J.: 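One structure, pasted below without further comment.
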Amino acid sequence: MAVTLPADLSAAMTGVTALADWVIVAPVAVPILFGALLLMFRHETRSHALIALAGLAITVGSTVALLSRVLGEGPLAMTMGRWLPPFGISFTADALGAAFALVASAIALICALFAARDISATGRRYGFYPFLMLMMAGVNGAFLTGDVFNLYVWFEVFLISSFGLLILGSERDQIDGATKYAILNLVGTTLFLIGTGYLYGTFGTLNMADIARKVDGLRGTGPLMTLAALYFLAFAMKAAAFPVNFWLPASYHTPRIVIAALFGGLLTKIGIYALLRVFVMLFPVERAELSTVIGLVAAATMIIGILGALAQSDTRRIFGFVVISGVGVMLAGVALGGAAGTSGAILYAVHSMLVMTALYLLAGLMREVGGSFSLHELSGLYKASPLLAGIALLLVFSISGLPPGSGLWPKVVLVKAALDGNQWWLALAILATGLLTTITMGRVFALAFWREKAALKPEGETGPLTTLGGVSLIALTLPLLVLGVYPEPFIRMADIAAAGLIDSSTYINTVFPGGTP
Amino acid sequence: MEAILSYVVAVFFAVAIYMMLSTHVVRIVLGVAIFGNAVNLLIFTAGRIVREVPPIIPEGHDVPVGIVANPLPQALILTAIVISFSFFAFLLVLAYRAYQEIGTDETGGMRVAEPEGDGLPPMGY
């Protein structure tokens with residue numbers, strides 16, 4: 001297709017981006033720089049933890065700056081090489097992307113802290129920290145990019161880093177799990193690429209703002225329903241929604257616990273983020289058409305995920321299935337659409353990122369104190385560590401959606417949205433999932449913490465190392481508690497993010513500052 | 001030309017899906033490789049096939065003169081090829097290592113991470 005060009009491109013290529021605007025690329029550039037630095041020091045594995053912590057702290061700082069700027073002044077865009085937006089690759093941060101990037105970077109920082117003692121010297125030599133930094137670059141890039149093909153590239157960046165993390169240690173079950181994870185995720189991202197090929201064929205552009213601008217004119221002429229269905233399949237696979245979720249329970253329990261925590265917290269939510277971005281912002285009409293299908297998938301994901309969790313005896317595998325059922329709750333928000341549904345999905349995603357990471361770290365600490373991941377063997381943990389029991393109880397409340405845990409508010413928003421939208425069965429599914437989650441997690445707590453201790457492990461295994469683990473777990477639990485008892489700022493932020501997705505005019509104006517060509 | 005390429009893409013997809021439905025990891029990996037190439041061809045076709053001059057800007061101009069070929073599909077495909085090639089290499093090594101460690105490349109026999117007969121959790125205490 002011949003592209004008709006605006007008369008004077010040269011004007012668009014002059015001018016320098018203001019220094020303050022560079023904050024938008026910092027969450028991606030800083031992890032890449034520090035990842036490269038870590039590779040240079042690959043024989044000095046002792047210093048890895050410190051370098052990575054410094055790098056991630058800078059990343060978190062930059063995402064905080066970015067979010068406060070976005071909340072204060074509206075979305076921010078930066079186009080590479082100053083090419084006019086539809087041609088150059090735009091980085092665009094709105095409230096949704098910036099908030100997700102902040103939560104993800106904070107989780108990575110906490111996980112790096114936990115890993116300082118959890119990852120052995122061998123793990124460090126295999127490159128845990130460089131992989132972690134590059135994965136964070138991919139994750140933040142996916143949240144901040146404003147270009148669909150670029151989104152695909154960032155998907156691949158964090159995917160290949162996650163392969164590296166997944167097989168760290170090369171144990172038999174890791175290789176088995178990684179084979180399934182790698183092949184199925186690769187098929188998922190390839191489906192995403194198919195959608196992107198059709199998208200380019202239809203619109204002649206891959207810039208999200210440009211697509212959002214053009215989509216109304218192409219409704220009914222292009223194969224937009226095909227595109228939407230393909231994207232739904234691809235992102236549902238990424239997010240581990242029901243019929244295409246089986247790579248997750250096969251692989252998430254095999255790596256080191258801190259890696260499982262990172263994956264459980266971050267990776268599935270990127271699928272949800274992409275769904276929100278593509279469905280709510282770019283294809284709202286097609287989303288409405290598909291909403292029954294999405295709703296059914298959401299309900300099935302929730303119920304089947306949590307039933308899977310009920311049947312497991314390994315804590316890590318339980319939490320893997322709990323991740324899946326949480327994905328169902330977020331999909332319910334996508335299916336409901338509208339301001340309330342979208343806002344509920346965003347709020348639940350933030351909650352889920354924090355709580356799933358915390359649960360996996362909890363599984364690691366439970367193993368440290370109790371000596372096992374299996375519910376058959378874990379017992380008497382309350383006596384061994386009351387603090388851990390307290391945190392665990394709060395996490396149980398959070399994931400089940402009981403007060404004062406953080407899961408309550410997003411579920412309230414979603415159930416209300418479902419009832420307002422006359423989707424009583426979706427509300428029922430969310431509530432039933434909450435009940436089943438309470439049973440699952442209650443059983444974990446009852447068996448591991450309340451049951452009389454069977455003599456398994458010699459006493460006195462706590463030390464400075466466990467303190468670091470406890471600190472990281474508390475650092476994750478505190479925001480959950482805040483979200484549980486004082487949710488107003490979080491809800492307001494989710495509302496702003498949802499409003500920015502539904503009415504994309506400010507997003508478009510940010511990318512095309514001089515008016516649309 | 002587009003019609004012919006569309007049929008080629010369809011055949012590629014059919015072959016890829018058939019291969020990926022196999023129970024042997026090696027065939028699945030080959031299927032994934034063909035799948036990637038099918039998508040590359042699809043992007044190429046979706047970007048319109050035209051017989052135009054290359055997009056080279058003459059001296060003294062800011063924009064190309066007249067109608068030129070669209071370079072973007074090539075750029076997209078190049079990126080996708082690099083990515084899918086690296087993933088194919090990774091998957092091959094992974095499949096080989098899995099065969100070494102597990103002793104089979106048949107997916108039905110790969111039950112290390114999800115062992116069969118994994119008992120239910122305790123029902124009470």
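Owing to the predicted nature of the structure, the values given are computational and were not obtained by experimental measurement. Note on naming: letters A, B, ... go to the chains in the order of the sequence lines (proteins, then strands), and numbering restarts at 1 for each one.
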J.: Using heavy-atom distances under 4.5 Å, tell me whether B:Phe44 contacts chain A through its side chain, its backbone, both, or neither.
T.: neither
J.: Is A:Ser170 in contact with chain B via its backbone, its side chain, both, or neither, using a 4.5 Å heavy-atom distance?
T.: both
J.: Does the pair A:Phe131 and A:Tyr126 meet the rule for a ring-ring contact (aromatic ring centres under 6.0 Å, His included), with working shown?
T.: CA-CA 9 Å; A:Phe131 277 131; A:Tyr126 282 162; 9.7 Å; no
J.: Looking at every non-hydrogen atom in both residues, tell me the closest pair between B:Gly47 and B:Asn70 and how far apart they are.
T.: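 Smallest heavy-atom distance, with atoms named: O-ND2, 4.3 Å.
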J.: With chain A, which of B:Pro115, B:Ala113, B:Ala46, B:Ala98 has the greatest number of heavy-atom pairs at distances under 4.5 Å?
T.: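 Max contact count across the listed options: B:Ala113.
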J.: Less than 4.5 Å to any heavy atom of chain A: does that hold for the side chain of B:Ile102, its backbone, both, or neither?
T.: both
J.: Check whether any side-chain heavy atom of B:Val26 lies under 4.5 Å from a side-chain heavy atom of B:Val29, and answer yes or no.
T.: no
J.: If you count heavy-atom pairs within less than 4.5 Å of chain A, which of B:Thr107, B:Ile43, B:Leu94 leads?
T.: B:Leu94
J.: I need the minimum non-hydrogen distance between A:Phe263 and A:Tyr181, along with the two atoms involved.
T.: CE2-OH, 4.5 Å
J.: Is any side-chain heavy atom of A:Ile324 closer than 4.5 Å to a side-chain heavy atom of A:Pro249?
T.: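 With C-beta onward as the side chain, the pair touches.
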J.: For chain B, which residues of residues 147-157 of chain A have at least one non-hydrogen atom nearer than 4.5 Å to it?
T.: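 Only A:Phe149, A:Tyr152, A:Val153, A:Glu156 of residues 147-157 of chain A have a heavy atom under 4.5 Å from chain B.
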J.: Could you report the tightest heavy-atom contact between B:Asp105 and B:Tyr99, atom names first, then the distance?
T.: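 For B:Asp105 and B:Tyr99, the tightest heavy-atom pair comes out as N-CD1, 3.8 Å.
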J.: Can you tell me which portion of A:Thr254 sits under 4.5 Å from chain B's heavy atoms? Options are side chain, backbone, both or neither.
T.: side chain
J.: Using a cut-off of under 4.5 Å on heavy-atom pairs, state which of A:Ala446, A:Ser374, A:Ser251 scores highest against chain B.
T.: A:Ala446
J.: For the interface with chain B, which of A:Arg172, A:Lys180, A:Arg317, A:Arg443 has the highest count of heavy-atom pairs at distances below 4.5 Å?
T.: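 Between A:Arg172, A:Lys180, A:Arg317, A:Arg443, the count favours A:Arg172.
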J.: Among A:Gly177, A:Ala182, A:Ala250, which residue forms the greatest number of heavy-atom pairs with chain B at distances under 4.5 Å?
T.: A:Ala250
J.: Looking at A:Gln174, A:His253, A:Glu171, which one has more heavy-atom pairs under 4.5 Å with chain B than the rest?
T.: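 The option with the most such pairs is A:His253.
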J.: Measure across A:Leu186 and B:Val32 and return the closest heavy-atom pair with its distance rounded to 0.1 Å.
T.: CD2-CG1, 3.5 Å
J.: Got a salt bridge between A:Arg367 and A:Glu377, using NZ or NE/NH1/NH2 to carboxylate O under 4.0 Å?
T.: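 No, A:Arg367 and A:Glu377 are not salt-bridged.
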J.: Provide the closest heavy-atom pair for A:Val322 versus A:Ala309 in the form atom of the first, atom of the second, distance.
T.: CG2-CB, 4.1 Å
J.: Would A:Leu206 and B:Leu76 count as a side-chain contact (heavy atoms from CB on, under 4.5 Å) if you check the C-alpha gap in whole Å, the side-chain angles of each, and the deciding distance to 0.1 Å?
T.: CA-CA 11 Å; A:Leu206 289 163; B:Leu76 299 182; 3.6 Å; yes
J.: Among A:Ile194, A:Leu375, A:Leu310, A:Ile318, which residue forms the greatest number of heavy-atom pairs with chain B at distances under 4.5 Å?
T.: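 So the answer, after comparing A:Ile194, A:Leu375, A:Leu310, A:Ile318, is A:Ile194.
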J.: Relative to chain A, which segment of B:Leu120 carries a heavy atom at a distance below 4.5 Å: side chain, backbone, both, or neither?
T.: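 Contact with chain A: backbone and side chain both.
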J.: At their closest point, which heavy atom of A:Ile257 faces which heavy atom of A:Ala363, and how far apart are they?
T.: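 Minimum heavy-atom separation between A:Ile257 and A:Ala363: CD1-CB, 4.1 Å.
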J.: A side-chain contact here means heavy atoms from C-beta on lying under 4.5 Å apart; do A:Leu199 and A:Tyr231 qualify?
T.: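 Of all side-chain heavy-atom pairs linking A:Tyr231 with A:Leu199, at least one is under 4.5 Å.
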